[in-house]
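Accompanying notes for the structure given below.
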Protein chains: 2
Amino acid sequence: MRGKTIDPEDWLTAVDESGFRATTVQETLIDIFARVEYPLSAEQAWDVARLARPKTGRATVYRTVEKLENLGLIRRVHGYQGCSYFVPTLPELMMLFICLDCGRAEYLDSQPLDELIKQSEDSSGHHITDSRLQLFGACADCQQNA
Amino acid sequence: MRGKTIDPEDWLTAVDESGFRATTVQETLIDIFARVEYPLSAEQAWDVARLARPKTGRATVYRTVEKLENLGLIRRVHGYQGCSYFVPTLPELMMLFICLDCGRAEYLDSQPLDELIKQSEDSSGHHITDSRLQLFGACADCQQNA
DNA sequence: TCCTTATTGAGACATGGTATCAATAAACAT
DNA sequence: ATGTTTATTGATACCATGTCTCAATAAGGA
């Protein structure tokens, strides 16, 4: 993911500590998802995984993606390209920007969002436990090259 | 939708003015979507539509839902229950809150969001053309009855 | 009322994702 | 190291959601 790097080792230990067995499929998928710049679907991840590990099964990839999502290591992207794409989760950063030209995803600072949510809680009386904010448009690069 | 009312007549004229023919299927679906309190999938809309108009076809409902979405009359809900649910669009109000207990959807004032987006544009250099903010939690009623 | 053509309904089809179950391979005790 | 247990895997059948096709229907203007 742009602007930040993720260490696959950290994910491996995270998976390990959560009680699951450490397998080569997981390792493969973690390697893939920790490095992507673009949101990736489970189907696409399967294609990529088979390059490194040809007999990888489809269901296994779907299961592993679900596991990584449940562990909070990857996040589902909701929006223009559909809702079956995933990006690595960057802790504390919640606002995801997606460029509609090049497709790249980037996290933006979410501090102001926290305040906004607190404000909404006060005015509505609802108790807000989770949020999804996604922004779409043209990234700085694509604007220049347009 | 909670807290606001929508006049199905306005939608009918909107569809009419956009160059489509006025049909009974459209009328039926507009009637349904203009009144829902809960996000509704196309499949569910089909079920409801057949109560009033038994021989309504499935594909037609999907096509009409897509049309209403393209016209901006209904909006896709992205989140916990999946991404295939729709709620009526309330112009100028963009922040959608969904109660995880009772499932009801409610729009919140989005003015602060506009500022937040402007702020993000300045600091990131990206040009933001669209946004999706959804909030999840327990609504005031459900908190009381818990 | 007739004619033109958008819209419809039925069902075949495509896609994305899940369930089943025997085979495999981690983890651990020996 | 080796064997045992059991989570994980891969192949395949299956299901759900959504799309495509095409003849039949109905909206809207002449």
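Proteins come first, then strands; the chains are lettered A, B, ... in the order of their sequence lines, and each starts at number 1.
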Let me know, please, whether Thr24(B) or Cys83(B) comes out on the 5' side of the other along DNA chain D by nearest nucleotide.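 The 5'-side residue here is Cys83(B).
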Toward the 5' end of DNA chain D, which comes first, Ser41(B) or Lys67(A), by nearest nucleotide?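 Of the two residues, Lys67(A) wins.
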Compute whether any side-chain donor of one residue and acceptor of the other, for [X] and [Y], lie under 3.5 angstrom apart.
X: Tyr85(B); Y: Gln44(B); result: no
X: His127(A); Y: Glu121(A); result: yes
X: His126(A); Y: Glu106(B); result: yes

For chain A, the stretch of DNA chain C it reaches, first to last nucleotide, under 4.0 Å of its heavy atoms: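 Under 4.0 Å from chain A, the extent on DNA chain C is dG16(C) to dA27(C).
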Please confirm whether the shortest side-chain N or O distance from Tyr62(B) to OP1 or OP2 of dG18(D) is below 4.0 Å.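 Checking dG18(D) against Tyr62(B), a side-chain N or O does come within under 4.0 Å of OP1 or OP2.
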Please report, rounded to the nearest Å, how far the [atom2] atom of [N] is from the [atom1] atom of [X].
X: Asp16(B); N: dG29(D); atom1: CG; atom2: C1'; value: 14 Å
X: Asp47(B); N: dT17(D); atom1: CG; atom2: C1'; value: 13 Å
X: Lys55(A); N: dT12(D); atom1: NZ; atom2: P; value: 14 Å
X: Arg21(A); N: dT6(D); atom1: CZ; atom2: P; value: 10 Å

What is the nucleic acid contact for [X], judged by heavy atoms within less than 4.0 Å: base, sugar-phosphate only, or nothing?
X: Arg53(B); result: sugar-phosphate
X: Ala22(B); result: sugar-phosphate
X: Thr23(A); result: sugar-phosphate

Do [X] and [Y] touch side chain to side chain, with heavy atoms closer than 4.5 Å?
X: Cys139(A); Y: Asp101(A); value: no
X: Val15(A); Y: Leu12(A); value: no
X: Leu96(A); Y: Val87(A); value: yes
X: Leu40(B); Y: Phe86(B); value: no

Is there a donor-acceptor pair under 3.5 Å between the side chain of Arg132(A) and the backbone N or O of Arg132(B)?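 Between the backbone of Arg132(B) and the side chain of Arg132(A) there is no qualifying donor-acceptor contact (under 3.5 Å).
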Can you check whether Val61(B)'s main-chain N or O pairs, donor with acceptor, with Glu66(B)'s side chain at less than 3.5 Å?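 Looks like no, no N/O pair under 3.5 Å.
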Quick one: on DNA chain C, does Glu43(A) or Arg63(A) contact a more 5' nucleotide (nearest heavy atom)?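 Result: Glu43(A).
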Do Arg58(B) and dG18(D) share a donor-acceptor pair, side chain to base, under 3.5 Å?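 Side chain to base: pair present.
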Angle, rounded to 10°, between the helical axes spanning five pairs at each terminus of the helix from dT1(C)-dA30(D) to dT30(C)-dA1(D)?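 End axes: 40° apart.
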